[in-house]
Each structure stands twice: as C-alpha cells, then as structure tokens.
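Each chain gets a letter, A, B and so on, in the order the sequences are listed, and its residues count up from 1.
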2 protein chains.
Amino acid sequence: MSSTTERSAERSAERRTPLTRERVLQTAVDLADSGGIDALTIRRLAEQLGVEPMSLYYHVPNKEAILDGIVDLVFAEVEGATGGFDVPDADAAWQAALRTRILAARGVMLRHPWAPGVMDSRNGLGITTARYVDSVVGTLRSGGFSYDLIHHSMHALGSRMFGFSQELGEEDGGDAASGDSEELQQMAAQVPHLAAMLSVVRHDDPDSTLGWCDDQFEFEFGLDLLLDGLERARQRESRRNPQ
Amino acid sequence: MSSTTERSAERSAERRTPLTRERVLQTAVDLADSGGIDALTIRRLAEQLGVEPMSLYYHVPNKEAILDGIVDLVFAEVEGATGGFDVPDADAAWQAALRTRILAARGVMLRHPWAPGVMDSRNGLGITTARYVDSVVGTLRSGGFSYDLIHHSMHALGSRMFGFSQELGEEDGGDAASGDSEELQQMAAQVPHLAAMLSVVRHDDPDSTLGWCDDQFEFEFGLDLLLDGLERARQRESRRNPQ
DNA sequence: ACCTGAACACCGTTCAAGT
DNA sequence: ACCTGAACACCGTTCAAGT
C-alpha cells in the first residue's frame with residue numbers, strides 16, 4: 001500500500017460523509033448545544049467537520065445564513081415534537097390545543113437554550129418558523145377569534161408563543177441569591193421589598209428546581225394567565241359581533 | 001510658543017475632561033445609541049474618547065463591566081423618568097401605578113433600543129436594575145399581593161416588566177410583508193392562516209405606525225391583559241385568605 | 001496614578017488558486 | 001464542482017513599559 005493511498009484512506013475516515021449544507025447546519029446545532037452559541041464560529045465549525053474554514057462558504061453564503069439555518073432546524077424539531085403543524089377543526093378547544101403546542105415548543109427550546117437568543121437576532125421569519133406561527137394563527141382562528149384579535153393576541157403572547165420567555169440570565173435574584181448573609185443585609189437595605197419577597201418565597205419552597213423558583217411552573221402560570229385573558233377577550237368580541 | 005506646548009494644547013482640546021469611569025460609560029451609551037450595539041467596541045470607544053484602547057482598562061476591568069455599566073445607566077434614566085423608585089401607599093391603585101411605571105420604562109427603552117438585548121446577555125441584576133425591580137415588588141405588595149403571588153406575577157410579566165417585549169426583529173411578517181405580490185402568493189400557499197391574517201389586518205389599518213402594526217398599542221394590549229389577569233388572581237387569593 | 005506600544009490569540013470574509 | 005492557502009481588517013486582552 002503506497003503512502004498516498006494511506007493518506008486518502010485516513011482522510012475519508014475522518015470525513016466519512018461529504019460536506020453538505022445539511023451537515024454544516026446539523027454540526028452547527030451540535031456545536032451550539034454542547035459549547036454554547038459562542039462556541040459556534042466558522043473556524044471551529046470547519047474544524048469539527050474536518051475541513052478548512054473556507055470550504056463552508058461553498059455550501060452556505062455566510063454566518064448569518066448559518067444562524068438562520070439552525071433556527072429553522074430547531075423549528076423542524078418543534079414540528080416533529082408536536083406531530084406536525086396542523087390546526088384543529090373549528091369549534092375544537094383552541095385553548096388546550098395552543099397550550100399543548102406551546103409547551104411542546106418549550107420542550108425543544110430547553111434542549112437548545114441558545115435558540116431564543118439567536119431567534120432574537122434574526123430579521124424576519126424563516127419558512128419553518130413562519131409555518132409554526134401559521135399554525136398558531138390557524139388555531140386561534142379555529143377558536144373563533146377575529147383576525148384583528150388574533151393579531152393582538154400574538155403580540156400579547158410575544159416570545160411565549162415560541163415556548164420561552166425572556167428570563168434575564170440564569171440567576172434571578174442577583175448575587176445575593178446565593179445566600180451570603182452580609183450580602184443579604186446589604187440587599188435588605190437597598191432593595192427591601194425584593195429581599196422580603198426572596199426570604200418568603202425561599203422559606204415556602206426550600207427545595208425548588210432551579211435556585212429559588214420552578215421555571216416550568218412559572219412559565220405555565222404566565223402562559224395560562226395570557227390564554228385565559230385571551231379567551232375572555234374572545235368572548236367579549238363575539239358578544240359584540242354575534243355571527 | 002514651542003512646538004511641544006502647541007502639541008499639548010492640541011491634546012487638551014481633543015480631550016477636554018479627564019478619562020473617568022463615568023465618561024467611559026456615558027460615551028459607550030452614546031456610541032450604542034448612534035451606531036447600534038455592534039458599534040460599541042473597546043477600540044472605537046477609545047477612539048471616541050481620544051485615547052488609546054488600553055487606557056480604558058485603567059477605569060473599567062473589561063468589556064463585560066462596560067455592558068453592566070451601561071444597563072445601569074439606562075435604569076438610572078428610568079429612575080429619573082418615573083420620578084424616583086418609590087412605592088405607593090398601601091391600598092392605593094397598584095395597577096395604575098405599575099402601569100405608569102412600566103410605560104415610563106418603555107419610553108426609556110425606546111431611546112436605547114440596544115438595552116433589551118444587552119440586559120438579556122447579563123447575569124444577575126445590577127444595583128439600579130435591582131432597585132427598579134424592588135419598586136415593582138413594593139407596588140404589588142402595596143396592592144395586597146402575597147409574596148408568593150408577587151413572585152409568580154413577576155415571572156408572568158417577564159421582560160414586559162422592564163418596558164419591552166421580545167419582538168423578533170423589526171419586520172414581523174417576514175419578507176413577504178413588503179408586499180411583493182408573487183411573494184404573497186407563495187406565502188398564501190405555505191402559511192395560509194398567517195397570510196389571511198395579514199391581509200385583513202392590513203386592510204383594516206392601512207396606515208399603521210410601523211409596517212402593519214402599532215407597537216405602542218400592542219404593548220399596552222398585552223400589558224393590560226396581564227395586569228387584569230393579575231388583579232383577578234389577587235382577588236381570588238384574598239377571597240381564599242381574608243385578612 | 002494614569003496612560004501607552006507592541007504583541008497575542010482569536011474573529012468573519014475576500015480573492016485567487018488548486019484539483 | 002468542490003475545496004484550499006494566504007491575506008485582510010477587524011476583535012478583546014495581557015504584559016511590560018513609559019510619564
């Protein structure tokens with residue numbers, strides 16, 4: 001076996017499958033999942049794929065397109081998780097249907113914690129994201145909302161529609177949440193109401209999930225507050241305009 | 001006049017005031033205001049201040065600290081705009097007070113559109129932000145909320161508490177929102193419900209503020225939906241636990 | 001105490017070339 | 001058609017030095 005044959009055998013072992021747009025995007029998702037969004041650089045992505053940085057530009061125009069692409073992949077996952085983006089029949093229980101869909105999206109977002117931030121940085125919606133939004137519009141329509149009220153509803157839901165809500169970093173109560181007593185005293189002086197709330201909430205629920213609050217519970221509390229409010233708005237609307 | 005005196009006269013004209021932490025942060029805010037957050041780099045900030053990049057590190061430990069600092073400046077502006085962070089007396093109209101405070105915060109955010117994104121990237125709350133949150137807690141408390149319900153309320157409000165809601169870029173309806181008719185047809189095929197909503201909403205409100213929807217109206221719609229829902233939750237709670 | 005210069009280890013991307 | 005090498009114009013930051 002000549003040394004050149006050995007070398008090409010080595011190479012094809014490193015890079016089993018040929019480079020494609022799909023493989024680039026999937027590897028980008030993996031990279032962001034494992035190392036955070038900052039780990040997703042063109043250069044590290046190329047390294048992960050066993051290829052030179054410039055090779056990526058043959059399959060993808062630039063980094064922006066990669067970011068658009070991985071958001072689309074995330075929503076393809078949402079589509080899978082919710083069993084497609086179809087819309088319930090008219091007069092079905094819109095609220096339960098929407099709630100289920102949004103919580104499924106949330107499950108996907110929890111697996112890709114970088115996704116909210118990247119979505120935020122995009123302009124306009126990708127096709128799969130648009131199809132997700134379309135299913136939300138269709139679900140509200142099936143519940144008897146006017147298009148005007150649907151429009152307001154979507155603004156009211158905001159990012160919660162996609163299964164996340166802006167949480168301001170991970171540690172909610174600032175540094176003092178860690179429990180250092182000197183810091184707590186300083187905190188009580190500067191933010192007395194906040195400190196009082198923290199001590200009560202922590203006392204009532206000593207072993208909460210993440211730090212001092214249960215994200216899943218809080219997400220559902222806010223989501224239901226909105227969905228209930230929207231249902232009442234719908235009822236008011238249909239009282240005004242009976243069909 | 002010797003040439004060295006001339007040179008130093010020139011320099012002190014360029015850099016009137018001495019470099020201080022405050023001047024660094026204020027200039028950082030100005031830079032982000034005028035050129036967007038991407039324009040805020042250490043090197044350009046130094047240039048703006050008439051100083052070498054490394055000089056900044058004497059007044060500020062690193063770029064993260066600059067980002068923390070400018071968020072704090074934004075909330076100092078909120079404090080000014082709301083006439084301080086004080087809390088209404090017990091049994092005052094908590095809902096109106098909170099609504100006013102949040103809309104004032106929104107006014108400040110509109111002047112610093114980069115602020116939501118930067119806040120999102122921070123871990124923990126700076127002191128002025130914490131004092132803002134404290135005033136929200138205090139206001140809810142003055143309205144008779146339990147600390148537990150206050151905690152849920154703050155999660156429900158999410159970023160809306162700070163006067164913004166995640167809006168997903170600026171163009172809401174994707175590319176097709178521009179109105180190209182071929183794109184609209186493609187859109188109707190792929191996202192029929194969304195396309196239907198857009199055509200109705202646009203028809204009803206042909207000259208809306210920004211593109212096809214009025215941000216201020218939508219923000220208040222969502223905010224009031226939440227505040228009304230929270231008021232009902234408070235009433236349920238006090239019916240359960242009469243004082 | 002306050003500011004600088006040179007250098008380092010990174011970015012995304014262009015352009016002309018290889019196979 | 002697909003991939004590469006060298007180079008460019010940027011980043012934030014360290015370290016040793018100047019005044």
Counterpart residues, ring-ring contact (aromatic ring centres under 6.0 Å, His included), relative to Tyr58(B) (two or more places apart): none
Taking only side-chain N and O atoms of Tyr58(B), does any of them lie within less than 4.0 angstrom of OP1 or OP2 on dC2(C)? yes
Scanning both residues in full, the closest heavy-atom pair of Ser135(B) with Tyr132(B) reads OG-O, 2.7 Å
Residues 68-81 of chain B, side-chain donor-acceptor partners within the protein, below 3.5 Å, at least two apart:
| unit_1 | atom_1 | unit_2 | atom_2 | d |
| --- | --- | --- | --- | --- |
| Asp68(B) | OD1 | Arg122(B) | NH1 | 3.3 |
| Asp72(B) | OD1 | Thr128(B) | N | 3.2 |
| Asp72(B) | OD1 | Thr128(B) | OG1 | 3.2 |
| Asp72(B) | OD2 | Thr128(B) | OG1 | 2.6 |
| Glu77(B) | OE1 | His112(B) | NE2 | 2.9 |
| Glu77(B) | OE2 | Arg111(B) | NE | 3.4 |
| Glu77(B) | OE2 | Arg111(B) | NH2 | 2.7 |
| Glu77(B) | OE2 | His112(B) | NE2 | 3.0 |
| Glu79(B) | OE1 | Arg131(B) | NH1 | 3.3 |
| Glu79(B) | OE2 | Arg131(B) | NH2 | 2.7 |

If I take atom CD in residue Glu52(B) and atom C1' in nucleotide dC3(C), what distance separates them, rounded to the nearest angstrom? 9 Å
Find the distance Leu49(A):CG to dC3(D):C1' and express it as a whole number of Å. 13 Å
For Glu47(A), does the CD atom have more than 12 heavy-atom neighbours from other residues, nucleotides or ligands under 6.0 Å away? no
With sequence neighbours left out, write down each residue that passes salt bridge (Lys or Arg N to Asp or Glu O under 4.0 Å) with Glu220(A), or none if nothing qualifies. Arg99(A)
Point-to-point distance, once rounded to the nearest 0.5 Å, from CG of Leu56(B) to CG of Asn62(B): 11.5 Å
Minimum-distance pair of heavy atoms, taken over all atoms of Met109(B) and Pro116(B): SD-CD, 4.3 Å
Whole angstrom value for the distance that separates P of dC11(C) from CG of Asp38(B): 17 Å
Can you check nucleotides 16-19 of chain C for protein contacts, nitrogen or oxygen pairs under 3.5 Å, and list what you find?
none

Sidechain-backbone polar pair: Asp215(A) side chain, Glu218(A) backbone, donor-acceptor under 3.5 Å: no
Protein N or O to nucleotides 12-15 of chain C N or O, pairs below 3.5 Å:
| unit_1 | atom_1 | unit_2 | atom_2 | d |
| --- | --- | --- | --- | --- |
| dG12(C) | OP1 | Ile42(A) | N | 3.2 |
| dG12(C) | OP1 | Lys63(A) | NZ | 3.0 |
| dG12(C) | OP2 | Ile42(A) | N | 3.0 |
| dG12(C) | N7 | Arg43(A) | NH1 | 2.3 |
| dG12(C) | O6 | Arg43(A) | NH1 | 3.2 |
| dG12(C) | O6 | Arg43(A) | NH2 | 3.4 |
| dT13(C) | OP2 | Tyr57(A) | OH | 2.9 |
| dT13(C) | OP2 | Lys63(A) | N | 3.0 |
| dT13(C) | O5' | Tyr57(A) | OH | 3.4 |

Between His59(A) and dC3(D), is there a side-chain N or O to OP1/OP2 distance below 4.0 Å? yes
Taking Ser165(B) for its side chain and Arg160(B) for its backbone only, find out whether a donor-acceptor pair lies under 3.5 Å. no
Write down the atom of Asp134(A), the atom of Gln190(B), and the distance for their closest heavy-atom approach. OD2-O, 4.5 Å
What are the two closest heavy atoms between Ser153(B) and Phe221(A), and how far apart are they? N-CE2, 4.2 Å
Using a 3.5 Å limit on both pairing distances, list the dot-bracket string of DNA chain D from the 5' end; Watson-Crick and G-U wobble pairs count, crossing pairs take [ ], interstrand pairs take |. ||.|||||...|||||.||
